[in-house]
Amino acid sequence: PNDLLGCVSFGSFNNVAKINARVVRLWARILSSVPNSQLLLKSRAFAAKDIKDTCVGAFSKLGVDKSRIEMRMVLAATRDHLASYAHMDISLDTFPYAGTTTTLESLYMGVPVVTLRASGHAANHAHNVG
C-alpha cells in the first residue's frame, strides 16, 4: 500500500476523454474489490467543475464514494508531474484507446500498469513496450 495514503492507491494520468463508461465500470469493480482503496486521476480537463462532477457522478452511480476519488490538474513542471506517481501503487490503463506516454512514465517511475490486451494498434501500447 501507498505509504503516503496508508491504503492501496490506483491511478491514471490519461486524458479524461479516454475514461469512457466501460472503463468506469471496470475501475469501479476494482475499487469495490479492494476495500479502502483510492483512485487518483490527473487530467487537464479537471480544471472544469462540470467535468469533475460528471466523473465523480459516474463512479457514484456504481457505488464508489466520492471520497475515494481524487482528481488533480496537470502540473506544469515535469519533475512535479513525475513525482505524482509516488502517490499511486498501481496505474490503471484506459481502453479501448490505451495510454502511451502515461504508460511509459508510470513504468519509468516504478509503478506497474494494469492494461487489457485487445486488437488494434491503439489498444496495445503497453504490450509493445520492451
Side-chain angles (χ1 to χ4, degrees):
N2 190 300
D3 292 336
L4 299 171
L5 297 174
C7 65
V8 175
S9 178
F10 297 99
S12 178
F13 295 168
N14 282 294
N15 185 319
V16 74
K18 295 180 181 182
I19 304 174
N20 59 58
R22 289 175 49 211
V23 170
V24 171
R25 281 194 303 272
L26 179 59
W27 291 0
R29 284 181 51 205
I30 291 169
L31 290 169
S32 296
S33 298
V34 183
N36 302 316
S37 58
Q38 302 286 316
L39 178 61
L40 171 61
L41 302 173
K42 187 162 64 138
S43 177
R44 182 171 282 112
F46 291 139
K49 184 182 180 320
D50 60 325
I51 299 291
K52 289 174 97 170
D53 291 346
T54 298
C55 188
V56 167
F59 282 98
S60 294
K61 287 179 185 174
L62 298 170
V64 177
D65 190 272
K66 66 181 182 180
S67 66
R68 296 177 69 188
I69 302 169
E70 180 180 353
M71 291 172 276
R72 295 183 184 176
M73 285 286 303
V74 171
L75 300 169
T78 300
R79 77 171 169 272
D80 295 334
H81 166 69
L82 292 175
S84 296
Y85 283 96
H87 296 269
M88 73 168 81
D89 297 302
I90 301 167
S91 181
L92 299 176
D93 203 2
T94 53
F95 61 91
Y97 194 86
T100 304
T101 304
T102 55
T103 299
L104 292 173
E105 288 173 345
S106 186
L107 295 171
Y108 176 75
M109 296 306 293
V111 179
V113 179
V114 174
T115 188
L116 296 177
R117 185 167 190 102
S119 61
H121 169 73
N124 285 308
H125 299 303
H127 295 281
N128 294 328
V129 175

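The shortest heavy-atom contact between Ser43 and Val74 is C-CG2, 3.6 Å. Heavy-atom minimum distance, Leu107 versus Pro112: CD2-CA, 4.5 Å.
In the hydrophobic clustering of this structure, Val24 groups with Met71; members are Ile, Leu, Val, Met, Phe, Trp, Tyr whose side-chain heavy atoms approach within less than 4.5 Å, directly or through other members.
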**Request:** Take Leu41 and Trp27 through the test side-chain contact (heavy atoms from CB on, under 4.5 Å) and record every step on the way to the result.
**Result:** CA-CA 12 Å; Leu41 302 173; Trp27 291 0; 3.8 Å; yes

**Request:** Might you work through the side-chain contact (heavy atoms from CB on, under 4.5 Å) test for Val64 and Leu39, ending with a clear yes or no?
**Result:** CA-CA 10 Å; Val64 177; Leu39 178 61; over 6 Å; no

**Prompt:** Does the side-chain contact (heavy atoms from CB on, under 4.5 Å) test come out yes or no for Glu70 and His87, once each step is laid out?
**Reply:** CA-CA 11 Å; Glu70 180 180 353; His87 296 269; over 6 Å; no

**Message:** Is there a side-chain contact (heavy atoms from CB on, under 4.5 Å) between Leu116 and Leu26? Walk through the geometry before answering.
**Reply:** CA-CA 11 Å; Leu116 296 177; Leu26 179 59; 4.1 Å; yes

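Expressed to the nearest 0.5 Å, how far NZ of Lys52 lies from CG of Asp50 amounts to 11.0 Å. Rounding to the nearest 0.5 Å places OG1 of Thr94 at 11.5 Å from CZ of Arg22. In this structure, CD in Glu105 is found 10.5 Å from OG1 in Thr100, a value given to the nearest 0.5 Å.
Checking Val114, Val23, Asn14 one by one against Asp93, the side chain to side chain contact (heavy atoms under 4.5 Å, CB included) holds for a single residue, Asn14.
The aromatic rings of Tyr85 and Phe13 lie tilted to each other, with the angle between the two planes from 30° to 60°.
Panel note: side chain Asn20, backbone Phe95; a donor-acceptor pair is recorded below 3.5 Å. The closest donor-acceptor contact from the side chain of Ser106 to the backbone of Val111 lies under 3.5 Å. A donor-acceptor pair under 3.5 Å is absent between the side-chain atoms of Thr102 and the main chain of Gly99, judged by distance alone.
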